[in-house]
Number of protein chains: 2
Amino acid sequence: MLSNVQTSKTIKSTKEKILEAALELISRYGYKGASVRKIAKAVGVRESAIYNHFKNKDEIFQEILKSLFSSDFSDFFEKKPIEENAKKGKKFLMEYAATVKLATFDPKHEKLFKIVLLELMQNKEVREQFLNYFYDNNIKKLSHVLFLMMQEGLIRQSDPMLMAREFFAPLFYLRLEVTLLRVDEKSTVTLSTMFEKHVEFFWESVAVRA
Amino acid sequence: MLSNVQTSKTIKSTKEKILEAALELISRYGYKGASVRKIAKAVGVRESAIYNHFKNKDEIFQEILKSLFSSDFSDFFEKKPIEENAKKGKKFLMEYAATVKLATFDPKHEKLFKIVLLELMQNKEVREQFLNYFYDNNIKKLSHVLFLMMQEGLIRQSDPMLMAREFFAPLFYLRLEVTLLRVDEKSTVTLSTMFEKHVEFFWESVAVRA
DNA sequence: GTCTATAGAGAGATAGAC
DNA sequence: GTCTATCTCTCTATAGAC
């Protein structure tokens, strides 16, 4: 697990250090570009020492893969019953967008997102996790909430699945753009306000006026 | 230029063959994964022969880079004056979506799109071309058309730039999903109808009812 | 568990014969 | 313009001493 890496004062084991260095390097250079040499150097050990903790390079990557899609929204939908969320209407969508925005600018999540982008075309596992993750955790659950909102009469009738995609896609594209700009350390101020603007526009598009 | 590669009956020069093989291999394995060895093998010559046509591997990639963003929409906005497009309303948006759909399923464009995805995080040039291309050729020009549609009273008043993003992002996300599915030769039938559905939904969201 | 040393494969690129 | 041969570098991974 990479989750308790940040727990301060922890005396990191070599294994933890390897995972940390690998995450950093792979998010920068991709799987191929992040050589065992570079990882070892970043940790401060010899290459051979790596193999005391992992069978091979791929096992390091597999360990990181586990945390790729586990964090962002794992408990976003769980913390409150979905019916409650639906009643909140626009407020819920704002919270959702805020969660995406947070993940976009959070260093750890940013690294994981970069790895997804880097390996999406190369790694079948990443590809399938990507498609499933966004489908299940975003489109599918979103569509459920939207369906309930339709029943509440808050938003207009439409295909909930389609509507969920329409809500989700601009957030994804926004996240992609921000991530790319940040790679080159370019300003993202214009884009960072777009998360909220998107929700406003979307709500304007679907809300049923009383 | 890669543009006349398809001209049938052409006796392809070695240089053309190299570019063709490189396009294929890079779109599959990325720049790093497409080694000069593999390219030479695909062409049917020795590695050293490659260097008679290109200074180095990077020069091959640069040649391909040129065609990355040149094709899709280069003349889509040019063939008709923008004012005419605006008057067509929903019909114009349908044509636009159809163009994206066509590019999504066209083998040549698909390869180029894959290369963009593969190198987006690795190559600064690709990154900048990506951001500029989608901004200029899509968001910016789209926003112009949408602005005119607002003036015609066809659609509701809003920030044209924001609206252009809202129209564009779902198409991009759709293209991404389709491309990923096709890598693993999975069915894309459900998604392929989404291009039109998106336009319907969008129009429903912005159209001014008479 | 870390080190040195090394194997073995694959990468990009060049020299020189034909 | 293509070939053979070769150089040099980097990569993943292992053996064996400490």
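Labels below follow one simple rule: chain letters A, B, ... track the order of the sequence lines, proteins then strands, and each chain is numbered from 1.
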Among the nucleotides [options], which one has an atom lying closest to any side-chain atom of [X]?
| X | options | result |
| --- | --- | --- |
| B/Ser48 | C/dT14, C/dC3, C/dG12 | C/dT14 |
| A/Lys57 | C/dG12, D/dA13, D/dC3 | D/dA13 |
| B/Lys38 | C/dA11, C/dT4, D/dC3 | C/dA11 |

Are any side-chain N or O atoms of [X] and backbone N or O atoms of [Y], one a donor and one an acceptor, separated by less than 3.5 Å?
| X | Y | result |
| --- | --- | --- |
| B/Asp184 | B/Lys186 | no |
| A/Glu59 | A/Lys55 | yes |
| B/Lys140 | B/Ala164 | no |

Interatomic distance, [X] [atom1] vs [N] [atom2] [rounded to whole Å]:
| X | N | atom1 | atom2 | result |
| --- | --- | --- | --- | --- |
| A/Tyr29 | D/dT10 | OH | P | 15 Å |
| A/Ile60 | D/dA13 | CD1 | P | 9 Å |
| B/Ile50 | D/dG1 | CD1 | C1' | 12 Å |
| B/Lys17 | D/dG1 | NZ | P | 13 Å |
| B/Glu47 | D/dA5 | CD | P | 14 Å |
| B/Lys32 | D/dC9 | NZ | P | 18 Å |
| A/Tyr51 | D/dC11 | OH | P | 11 Å |
| B/Ile18 | D/dG1 | CD1 | C1' | 11 Å |

Problem - Step-by-step side-chain contact (heavy atoms from CB on, under 4.5 Å) determination, B/Glu177 to B/Leu174 - result: CA-CA 5 Å; B/Glu177 278 182 293; B/Leu174 205 45; 4.3 Å; yes
Handout entry: Any A/Ser35 side-chain N or O less than 4.0 Å from OP1/OP2 of D/dT10
Key =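 No, no such contact exists.
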Practice task
Ignoring backbone atoms, test whether A/Arg37 places a side-chain nitrogen or oxygen under 4.0 Å from the OP1 or OP2 oxygen of D/dT12.
Solution key: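 So the side chain of A/Arg37 is outside the cut-off, no N or O lying under 4.0 Å from OP1 or OP2 of D/dT12.
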Handout entry: Sole candidate of A/Phe167, A/Tyr133, A/Phe134 that passes ring-ring contact (aromatic ring centres under 6.0 Å, His included) when paired with A/Phe172
Key =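 Output: one option passes, namely A/Phe134.
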Practice task
Please tell me which of A/Lys55 and A/Gly33 maps to the more 5' nucleotide of DNA chain D, matching each residue to the nucleotide holding its nearest heavy atom.
Solution key: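 Result: A/Gly33.
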